[in-house]
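Working notes, structure below.
Start at 1 and go down the list; that is how both ligands and their atoms are numbered.
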Amino acid sequence: MSMYCFQCQETIGNKGCTKVGACGKTSDVANLQDLLIFVLRGLSAVNYKAREKELNSKLADKVIFEGLFSTITNANFDKEVFVKKIKEALKLRDEIKESLVKNGLEVSSHDSVSWFSDDVNEFEEKAKTVGVLATENEDIRSLRELIIIGVKGMAAYAEHALNLGYADDDLEKFMEEALVATTKDLSVDELVALTLKTGEYGVKAMALLDTANTTTYGNPEITEVNIGVKSNPGILISGHDLKDMEELLEQTKGTGVDVYTHGEMLPANYYPKFKKYDHFVGNYGNAWWKQKEEFESFNGPILFTTNCIVPPVESHKSRIFTTGSSGFPGCVHIADREEGKQKDFSEIIELAKTLKSPVEIEKGTIVGGFAHNQVFELADKVVDAVKSGAIKKFFVMAGCDGRHKSRNYYTEFAEKLPKDTIILTAGCAKFRYNKLNLGDIGGIPRVLDAGQCNDSYSLAVIALKLKEIFELNDINELPLAYNIAWYEQKAVIVLLALLSLGVKNIHLGPTLPAFLSPNVANVLIENFGIAGIGEVEDDLKLFLGE
Ligand code: SF4
Ligand code: SF3
């Protein structure tokens, strides 16, 4: 075994990747990611303590959540990045440690606070001893990882919000608390309680990002998104970061280069502020896992702002650029913005001008933009449709897409749902059914896309609003079922957030996470009615109570 990673749905054999990741992550990168998490625990311990005398460092908060984000599945494959991040975190940890001593505050004796090296060979040695398997008890390991994985998702959302100038110290403090808690001898019950608290903070993180996005770019509105192409050369932008989207649109204005969204950037099309750009053409392609073919035919440069990168083939590797928490060795990384300035995308734009325009792979439009504000505007229509029986049930089918064949389940499930049901979606899971032509109910489309995975927050807000309108005591009394698909860690924080809001009986697929030990899975099953998926026909009967 040269590594151990089981944080995503595609982990090998639904157990763990032990030689190389199914995602393409090499063992040296996986191990350095483990070491980074270990070092971030130490940094969290000292920064958390420093809060007692308001000596805590804002930079440490940023280093912590950016570090967590960079370890998310498919975000960053660059070994050098992790070496740099480990060194930076160690340096900062020791500076804060010094200030703790000076100010008479106790310094934890945990190894993550005292271990130090600046030798990369030693990093590799140490990394082998601090990974997931360092916790021997299977249930404690499972809960610790569930919390860390949830916090990784939370960190991603916090980073996007910060890029738009929105931060919440409470959230940063919690991330530190959670990381430190995973170094302590907590009981199963205490860890279960912390898991739920992670969900509560997940709601806060998504709410913060929602405020950041909608305040900056307006509320998403119903939009027909073009999925065809135009004749200019284009740049494809992927991932979740709207600030990058804005700056790319600004810098491409008047250059003769068009901009297209890909994967989780599709919802950028729904924001009023982005609609004013004539050269913003629409969306190209589908969910992340089809990028090999779709990037080939796109012809132009591709900018990754976050996960999900598939290791690129040589024929288009030189057209791939990364920025923010994403990275891939050999691909140009666009540096972070300097205070008061934009990122510099000129290299991508210059390259685009020399390349051919995209080959059309689809034609027509898809409809989206059903985040909370837009749905509230339609509330009367929706409520009438429920009261008249025209809408019998809503299905929340949010989350991630992935490459496993078993995910055809979601397409089939959407196709076979009765015509009096509505799908509420968010995240790249939607690409399994958003081009199916499922029709509408009295003008309300049967697939309502709220946006990115973080916009699952909108779905929760919508559910809470419906509960209020129908004067129900419990969110679970709504005619609403949850059939969620997951792949990476952001979907885990969405799941924990829903649990913390009291949502029961969520079905999670295509497989239950490998990081849930049988006992921990049982806790979730018994207390929250969490279930996996089965055959489409059987599940439909179950969901529809037939
Ligand atoms: Fe395996 Fe997923 Fe970890 Fe990649 S992120 S190494 S596929 S478990
Ligand atoms: Fe998709 Fe990677 Fe999760 Fe944001 S882009 S939902 S998988």
Side-chain angles (χ1 to χ4, degrees), residues 1-34 37 69-77 131-133 145 148-149 152-154 156-157 159-160 205-206 209 237-242 261-268 283 285-291 304-311 325-326 397-404 407 410 425-432 434 449-457 459 484-495 508 510-511 513-516:
M1 192 188 298
S2 49
M3 61 181 275
Y4 195 83
C5 183
F6 61 175
Q7 66 174 354
C8 83
Q9 192 275 324
E10 294 192 357
T11 195
I12 293 170
N14 206 31
K15 285 201 159 60
C17 297
T18 56
K19 289 195 177 75
V20 67
C23 58
K25 181 162 77 177
T26 51
S27 58
D28 52 352
V29 171
N31 294 335
L32 286 171
Q33 288 184 350
D34 288 344
I37 297 293
F69 189 1
S70 64
T71 68
I72 280 187
T73 302
N74 282 347
N76 203 312
F77 294 81
V132 168
L133 298 178
E145 290 307 312
I148 297 265
I149 287 169
K152 286 186 182 191
M154 185 189 302
Y157 296 153
E159 209 240 17
H160 296 311
M206 287 191 273
L209 181 52
I237 173 167
S238 192
H240 304 69
D241 197 281
L242 296 186
T261 53
H262 169 261
E264 273 285 72
M265 199 56 90
L266 159 67
N283 190 72
N286 292 278
W288 64 273
W289 60 277
K290 287 191 175 163
Q291 62 190 253
F304 273 102
T305 65
T306 65
N307 54 317
C308 282
I309 303 174
V310 173
S325 295
S326 68
M397 291 178 72
C400 311
D401 198 7
R403 58 199 133 190
H404 283 171
R407 288 184 188 257
Y410 294 102
T425 191
C428 67
K430 65 169 129 313
F431 285 101
R432 288 278 167 180
N434 67 345
D449 177 23
Q452 299 178 331
C453 47
N454 43 289
D455 295 310
S456 299
Y457 171 73
L459 303 183
I484 289 179
W486 82 286
Y487 169 55
E488 37 76 42
Q489 298 74 51
K490 296 180 191 177
V492 176
I493 194 60
V494 171
L495 174 74
L508 185 66
T511 49
F515 54 80
L516 296 181

Side chain Glu10, main chain Tyr487, donor-acceptor under 3.5 Å: no
Ligand 2-proximal atoms of Gln452, by part, heavy-atom distance under 4.0 Å: neither
Protein N, O or S atoms lying under 2.8 Å from atom 2 (Fe) of ligand 2, listed by chain and number: Cys308 SG
Ligand-side contact atoms (ligand 2) for residue partner His240, heavy atom cut-off under 4.0 Å: 4 (Fe), 5 (S)
Donor-acceptor under 3.5 Å (Trp289 side chain, His404 main chain): no
Which segment of Met3 sits under 4.0 Å of ligand 1 when only heavy atoms are counted: side chain
Donor-acceptor pair, side chain of Glu159 and main chain of Ala156, under 3.5 angstrom: no
Backbone of Gly427 reached by a side-chain donor or acceptor of Lys430 within 3.5 Å: yes
Expected output: side-chain Ser326 to main-chain Phe304 donor-acceptor under 3.5 Å: yes
Any donor-acceptor pair under 3.5 Å from Asn76 side chain to Ser325 backbone: yes
Residue and atom, protein N/O/S, under 2.8 Å of atom 3 (Fe) of ligand 1: Cys5 SG
Test side chain to side chain donor-acceptor pair (under 3.5 Å) applied to Lys490 and Gln452, step by step: CA-CA 11 Å; Lys490 296 180 191 177; Gln452 299 178 331; over 6 Å; no
Closest approach of Thr71 to Gln7 (non-hydrogen atoms, all atoms of both residues): O-NE2, 2.9 Å
Ring geometry between His160 and Phe69 (parallel below 30°, tilted from 30 to 60°, perpendicular above 60°): perpendicular
Spacing of CG belonging to Asn283 relative to CD1 belonging to Ile237, to within rounding of 0.5 Å: 11.5 Å
Sidechain-backbone polar pair: Thr425 side chain, Met397 backbone, donor-acceptor under 3.5 Å: yes
